[in-house]
Protein chains: 2
Amino acid sequence: MVLQRIAKRTLSDEVFEQLVREIVQGRMAPGLALPAERELCETLGVNRGALREALRRLAQAGLVAIAQGGSTKVLDFRRTAGLDLLSQMLFREGGTIDLQVIRSLMEIRAALAPDIARLCARRADAALIVELLDVVDRMTPVLAADDLTTLQELSLDFWDVLVRGSDNIAYVLAFNTLRSTYDTVRVALVQVMADELRDVAACRAIAEAVGRHDDVSAKHVASALVEHGTHRMFELIAVLDRPGSTTDDSSGPGDAS
Amino acid sequence: MVLQRIAKRTLSDEVFEQLVREIVQGRMAPGLALPAERELCETLGVNRGALREALRRLAQAGLVAIAQGGSTKVLDFRRTAGLDLLSQMLFREGGTIDLQVIRSLMEIRAALAPDIARLCARRADAALIVELLDVVDRMTPVLAADDLTTLQELSLDFWDVLVRGSDNIAYVLAFNTLRSTYDTVRVALVQVMADELRDVAACRAIAEAVGRHDDVSAKHVASALVEHGTHRMFELIAVLDRPGSTTDDSSGPGDAS
DNA sequence: CCTGCTAACTGGTAATACCAGTTGACCATC
DNA sequence: GATGGTCAACTGGTATTACCAGTTAGCAGG
């Protein structure tokens, strides 16, 4: 087993996460007034400062509205929260993965990827093209060893370079959000994404299209590449949604929760 | 002049915004260690609690990394921040609008809109179709009066319904983020978006395609609709980027900052 | 019934003390 | 010289207390 960093969580982190779950999972309905800070911090057993730090973060995430003099009210996060909330929505009550969120993730990825490749082909400079080909070159031996986990990392690196090359700050930031969401369930998805990850040829085709500044080809190849994993994921979801199936594992190693 | 709500900003809001600007505009480079909290709060003239609330929000936004015992360090927001930061990047130093951000906004919108329409056509239920047609019906008299500002609001309502109909939480949340970014500069963009806003026929075509569950048509019409405004915006950006032009006004009324 | 005051909430700010983890210099040990 | 332990001086984390400031609702007076 590989050693990993100890995750240190502060009191306000705990409070924040607890309240996010309460709201996102619907146990605190929109419009509901939270208890007063002095009361709530006593209930939670933390000092008011820690609670306030958590509440401010909730407000920034668009989950509550704070008003001096008035009370802090729960908002309808479907109308007020931003994309950064996505990673908080992955897990349902009880720790199972919400397949609707996975499906959404795959769909937005499929919508963005072709345009990222297209713009990158239009705007990439020589240095970025070299960087792109370098990532693809590093993929080849890993593919030969069929090391899917490493391929997954290289795939993220590949898209990271493409996104930077697209010279579009919205794509860069959205990619960061989607990547961190994906990272949370990465291990559980290795097998489903296997076919896409093994398609290093498509990655090379994209890199070469970018090298030729051929935006049309880059777009089409990227579209085909991500449709790969997207379809596989849809198939899996169709199967898992049938029974009351848990999502603790799909196939091969990798534990969720 | 229309009266508008007074924006109440707390101390931690001010500190947060000030630090966001410092980081996003590059005056605080990635890797830089912030002064100690006790020192920084004295510099800013606020108490430590207010400063900490701001720092926690910065950490959540992916702009700094806080570590007990160590120092708080500035992160590379291009790698760690999420899409929710986009609205904070609209304004450059001096209050001028960053046209690169506007371009990015238009591009991601153009990438998402067709797929939103497509999914909505596949998944919308009867109630949502009624709602969609209702928005379009409300557009017609406003178009006759050529009231662009109201058309702009109805257009946002229209896309809001479409996004909800797509039954994709990632699209819903991303739409919220993009809408709040767009809202910040809405008035300045009325004239540029005019042609798109006046194309109520396209909105109706999308609504009808959704009503027929014709996802291919919905996608294509939506694609054409948003290309409208996107191209106009590109033309404007090409013109404004030439001289050292300020972005205080484009044409007609509407003051930015 | 309406106006306007007031008291009792609410969150916002502040000062202070102490707990807990990190860092680096220093030193004994191997 | 390299290693590992100790300690002091940082850093952020938590807690308590007090008071300021805005909102709300109820009540007195018109």
Side-chain angles (χ1 to χ4, degrees), chain A residues 3-20 22-23 28-75 77 80, chain B residues 3-20 22-23 28-75 77 80:
Chain A
L3 296 180
Q4 40 191 321
R5 287 191 73 86
I6 303 294
K8 279 151 278 191
R9 278 151 68 198
T10 67
L11 287 181
S12 73
D13 286 337
E14 302 248 25
V15 173
F16 175 74
E17 284 164 22
Q18 189 172 334
L19 290 175
V20 165
E22 292 295 310
I23 295 171
M28 282 183 167
L32 179 73
L34 260 58
E37 290 181 356
R38 292 171 179 80
E39 184 180 340
L40 191 51
C41 68
E42 190 166 8
T43 305
L44 294 167
V46 301
N47 65 78
R48 198 172 158 211
L51 172 64
R52 278 178 59 84
E53 287 174 12
L55 288 176
R56 288 327 207 82
R57 290 174 59 190
L58 285 172
Q60 181 181 349
L63 299 184
V64 304
I66 304 175
Q68 184 177 359
S71 56
T72 298
K73 294 205 172 65
V74 177
L75 296 176
F77 67 91
T80 56
Chain B
L3 298 178
Q4 40 192 319
R5 286 191 73 87
I6 303 294
K8 277 152 282 193
R9 279 151 69 199
T10 68
L11 286 182
S12 73
D13 287 337
E14 302 250 24
V15 173
F16 174 74
E17 284 164 22
Q18 188 172 334
L19 291 175
V20 165
E22 292 294 311
I23 294 171
M28 282 183 169
L32 180 74
L34 260 58
E37 290 182 356
R38 291 170 179 80
E39 183 181 342
L40 191 51
C41 69
E42 189 166 9
T43 305
L44 294 166
V46 302
N47 66 77
R48 197 171 158 211
L51 172 63
R52 279 180 58 85
E53 287 173 13
L55 288 176
R56 287 330 208 75
R57 290 173 61 193
L58 285 172
Q60 182 181 348
L63 299 185
V64 304
I66 303 176
Q68 183 177 0
S71 56
T72 298
K73 293 204 172 66
V74 177
L75 296 176
F77 67 90
T80 55

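Note that the structure is a prediction, hence the values are computed from the model and not measured. Lettering follows sequence order; numbering is per chain, from 1.
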*Does a distance-only test, which skips hydrogens and angles, find a donor-acceptor pair under 3.5 Å between the side chain of B/R56 and the base of D/dG12?*
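By the distance-only test, no, there is no pair.
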
*asked:* Once hydrogens and angles are ignored, does a donor-acceptor distance under 3.5 Å link the base of D/dG13 to the side chain of A/R52?
replied: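 By the distance-only test, no, there is no pair.
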
[X] side chain, from C-beta outward: closest of [options]:
| X | options | answer |
| --- | --- | --- |
| A/R48 | C/dC18, D/dT23, D/dA18 | D/dA18 |
| B/A36 | C/dT10, D/dT11, D/dG13 | D/dT11 |
| A/E37 | C/dG12, D/dA15, C/dA14 | C/dG12 |
| A/I66 | D/dG13, C/dT13, C/dG11 | C/dG11 |
| A/Q68 | C/dG12, C/dT13, D/dT23 | C/dG12 |

For [X] and [N], what is the distance between atoms [atom1] and [atom2] respectively, to the nearest whole Å?
| X | N | atom1 | atom2 | value |
| --- | --- | --- | --- | --- |
| A/E14 | D/dT14 | CD | C1' | 14 Å |
| B/L44 | C/dA14 | CG | C1' | 15 Å |
| B/N47 | D/dT17 | CG | C1' | 14 Å |
| B/R38 | C/dA15 | CZ | P | 14 Å |
| A/K8 | D/dG12 | NZ | C1' | 12 Å |
| B/L11 | C/dA14 | CG | C1' | 10 Å |
| B/I6 | D/dT23 | CD1 | C1' | 16 Å |
| A/L51 | C/dG12 | CG | P | 11 Å |

*So what does A/G70 touch, heavy atoms closer than 4.0 Å: a base, only the sugar-phosphate, or nothing?*
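Here A/G70 touches the backbone only, sparing every base.
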
*Do A/L63 and A/T80 touch side chain to side chain, with heavy atoms closer than 4.5 Å?*
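With C-beta onward as the side chain, the pair stays apart.
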
*Non-hydrogen side-chain atoms of A/M28 and A/L34 separated by less than 4.5 Å*: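 A side-chain contact exists here, since the closest heavy-atom pair is under 4.5 Å.
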
*asked:* Working to the nearest 0.5 angstrom, can you tell me the gap between A/L51 CG and A/T43 OG1?
replied: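 Atom-to-atom, A/L51:CG and A/T43:OG1 are 9.5 Å apart.
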
*Does B/T72 place a side-chain N or O at less than 4.0 Å from the phosphate oxygens OP1/OP2 of D/dG12?*
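For B/T72, the contact criterion (side-chain N or O under 4.0 Å from OP1 or OP2 of D/dG12) is met.
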
*Compare side-chain N and O positions of A/K73 against OP1 and OP2 of C/dT10 and report whether any pair is under 4.0 Å apart.*
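No, A/K73 has no side-chain N/O under 4.0 Å of OP1/OP2 on C/dT10.
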
*Give a yes or no on this: more than 12 heavy atoms of other residues, nucleotides or ligands lie within 6.0 Å of atom CD of A/E42.*
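Counting neighbours around CD of A/E42, 12 or fewer heavy atoms of other residues, nucleotides or ligands fall under 6.0 Å, so no.
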
_Let me spell it out: for each of A/S12 and A/G69, pick the nucleotide of DNA chain D with the closest heavy atom. Which residue's pick is nearer the 5' end?_
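That would be A/S12.
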
*Looking just at side-chain N and O atoms, do B/S12 and A/R52 make a donor-acceptor pair shorter than 3.5 Å?*
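No donor-acceptor contact under 3.5 Å links the two side chains.
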
*With DNA chain C as reference, determine whether B/A50 or B/A67 sits nearer its 5' end, using the nearest nucleotide of each.*
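It is B/A50, whose closest nucleotide lies nearer the 5' terminus.
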
